[in-house]
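First the structure, in the form of structure tokens, and then the observations on it.
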Amino acid sequence: MTMTQDEVLDIFKRSNALLEGHFRLTSGLHSERYLQCALVLQNPGDALRLGAALAEKLVGLAGKPDLVIAPALGGILVAHEVARAAGVRGVFAERQDGALRLRRGFEIRPGEKAFVVEDVVTTGGSTKETMEVVAAAGGVVIAAGSLIDRSGGRTDLGVPRAALAVLDVPTFAPEECPLCKAGSQAVKPGSRA
Ligand code: ZN
């Protein structure tokens, strides 16, 4: 079930989850690439394959977990598919009053080993926050993973970590954007140029 980075990115491109061009992001910055993981996960067969490939990498790094956990919403389907492949339960933490917590009766028992997964890691902030949820419940995070690592591999989470594809996606202030300087017009992702 091993997949190369190119195979992974081809799946993303096929569902328009990875666009290449000249985009104006929500932050106002410009970029040559735009990533929307929900579009790849809308296809259950692709979600299953990607989850199995990520599970294989994580189990190879850290052994089998007792559960897989993700931050809602973006990570839920990833946790579900990685958990399916690993044969363990998949849960999610969600934000309540500003902090991530376990709700809906989800439990992590003391000493249980967890993978923390997400769709995309940029700074690793929500993975770190989910790791704290596991630790607060007495669980042990043995590895962290994401479908895509957008930090160029630079994020350090303090545990073994895997991604199916590592991207270095530079963003530019509009006045410094080389694409604008070359005369092209940035478009909002999803809109038609
Ligand atoms: Zn631009």
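One-based numbering, in listed order, for ligands and for the atoms of each.
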So salt bridge (charged side-chain N to carboxylate O under 4.0 Å, His left out) across residues 30-43, not counting sequence neighbours, yields E20-R33
Could you tally the protein N/O/S atoms lying less than 2.8 Å away from the Zn ion (ligand 1)?
-> 4
Salt bridge or not for R95 and E129, using N-O below 4.0 Å?
-> yes
Distance-only donor-acceptor hits, side chain of residues 35-49, under 3.5 Å, sequence neighbours excluded:
{"from": "Q36", "atom 1": "OE1", "to": "A38", "atom 2": "N", "distance (Å)": "3.3"}
{"from": "Q42", "atom 1": "NE2", "to": "L39", "atom 2": "O", "distance (Å)": "3.0"}

Salt bridge flag under 4.0 Å for residues D66 and R109 = no
Residues clustering with V141 (ILVMFWY side chains joined when closer than 4.5 Å, directly or via others) | L67, I69, L73, I76, V91, F92, L100, L102, F106, I108, V116, M131, V133, V134, L157, V159
Do E81 and L54 come within less than 4.5 Å of each other through their side chains, counting heavy atoms only?
-> no
